[in-house]
Amino acid sequence: MCGIVGYIGDKNATDILLNGLESLEYRGYDSAGISVLSGGHILLCKERGRLSNLREKVAATDISGNIGIGHTRWATHGAPTQINAHPHANKAGDIVVVHNGIIENYEVLREELKNEGYEFISETDTEVVPHLIDYYYNGDLREAVTKTISRLIGSYALCVISSREDGKIVVAREGSPLIIGLGKGENFIASDIPAVLSYTKDFYLLNDGDVAVITENSVDITDKNGAPSPKDIYHVDYSAEDATKGDYEHFMLKEIFEQPAAIKRTLIGRIDENLQIDPVEMNKEFFEKVDRLYIVACGTAYHAGLVGKRAIETLAGIPVEVDLASEFRYRGPLISEKTGVILISQSGETADTLAALRLAHTYGSPVLSITNVVGSSVARESDYVFYTYAGPEIAVASTKAYTTQLVALYLTAVAAAEITKKTPQNLLDFFKKEILSLPEKVTEVLNLNDDVKKLAERIYKELDVYFLGRGLDYSVALEASLKMKEISYIHSDTYASGEIKHGPIALIDDGTVTIAIITDKQISGKTLSNMKEVIARGAFTVGFASPDCEDCEKTFDVYFKLPKSSPLLAPVAAIVPLQLLAYHVSCLKGCDVDKPRNLAKSVTVE
Ligand code: F6R
């Protein structure tokens, strides 16, 4: 979603801001802007569209200075125009603000400020902020920002500079991530670590309610009560190169091919070759406290949760409900201190997931989060954390985050099973061995890439693609369909294969592309029967199936053999060729694979 970068030091802020915003492009945006403080004056430049538009404009106006803030905006209130782009300023243009999040009471504040004589030029919720700071300013910028945020309802990460107080940036956070990068004689601000990772690896992670005044040599943080809020330095151990494309044409392709290595990183330290699992790393204590579970997540992470439910129920015998975070938070869920809540979030910053976490805590439910981003809001507020260690995922479409979430859930299910003892040890050991073999299975299935590309050439001009599956294959089909629609813009739906004849089969016509996933021999015959029903209506059919599916070869127009696997673990390898299929279709259609339209990497608004 929106991105923030700030700089204060002795270098040219403009370059650092533009480079930082470029590293945040993957989050999704539709306009961008920067503002620098130079010789006691504020200079501002913003443009709609891609960052290259802003770069051109900045080059033409020669904006430079040692203090600055920058922003990429993903429109929420008001169209993606130049006027609505950030930074926003007060009328005198001497207080400038960038903002991530949503000010929910902006209309009330806007009316109030208008009555005080303030004029508004944009349609944004953000514009109330510089005017409020102006209104409250009485010789102390920090105090004016503190008074301003006390009036705001909603979420925000704010960066403020003012020519009234040169030599500082004031920042505040509530519900939207903000970090401070620490340098020597310089400091950085960003909504996400990759933005400034080429300059520093040491960070302060701000908490909700924190306000900080940052100069080139100091960082002074206070909490929501105004008390000092000292922070430990968080040192990151990945490099800026890890967040680059390397030799790959797109981040998505790189991340698909990184999956065997990413899964190995998820396994290391959790389970050894003697099949022993580390009780602390595996959060065994969490399972001692609960008798039922909720898995709560959004999008791809929710799809991982569907597989997690099956794994935990099968191996540990603990009943699990899976819910979308945006539903869970308003459902009035029936949970208590004995209900464990497992949150899954790659970014650890998704607004709905974070809200679900906070809601669970109000019921006294213990929360275990499965997340990729160390130090993210979800991780920090959870009682137990399982980091997937997939490495930075830059492409908007989630790939390695999904497969590592599956692996984390399998390990979690094994840990739970060791407590409930619902699965005989020899069977549990069998699953553990299978989990350890997942990196090889994913490597094997990556070899299908060339054949998958040929299939993409056959289907990329289609308007509709349908995915079918039963049981866990249905969960994989949901994820495959999401990948297809989000990066190729082809309309795609998923049906549990048994449901097709209850309505959706009316959509099947001559040549309608219907893709089935079949990994469980026990129910493969059922899905094959459903495929015969769509074949009879003229569908063009594609099967991704395990090698023991005897009739698959003669049933499908195109058939891909997946590696042999126990059905419970089959989703990990099964999704990989389907990720590749979406990728190649997107490339053939000329779509922006890594930054699909209208989407953002981390959804920090409701
Ligand atoms: C799809 C995708 C999204 C995310 C969802 C949750 O490819 O990436 O559906 O899975 O926005 O994001 P996280 O996992 O960061 O909470």
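Indexing begins at 1, ligand by ligand and atom by atom, following the structure's order. All values derive from a computational prediction rather than experimental measurement.
Between Lys483 and Thr300 the shortest side-chain heavy-atom distance falls below 4.5 Å.
Sorted by chain and number, the heavy-atom contacts of ligand 1 below 4.0 Å come from Cys298, Gly299, Thr300, Ala301, Ser345, Gln346, Ser347, Thr350, Val396, Ala397, Ser398, Leu482, Lys483, Glu486.
Classification of Glu321 and Arg292 as a salt-bridged pair holds, one side-chain N sitting under 4.0 Å from a carboxylate O. A salt bridge is defined here as a Lys NZ or Arg NE, NH1 or NH2 lying under 4.0 Å from an Asp or Glu carboxylate O, and Lys441 with Glu434 meets this definition. Between Glu258 and Lys254 there is a salt bridge, since at least one side-chain N of the basic residue sits less than 4.0 Å from a carboxylate O of the acidic one. Under 4.0 Å is where a charged nitrogen must lie from a carboxylate oxygen, and between Arg470 and Asp473 no such pair does.
Annotation: cation-pi geometry not satisfied between Arg173 and Tyr156 (NZ/CZ under 6.0 angstrom from ring centroid, within 45° of ring axis).
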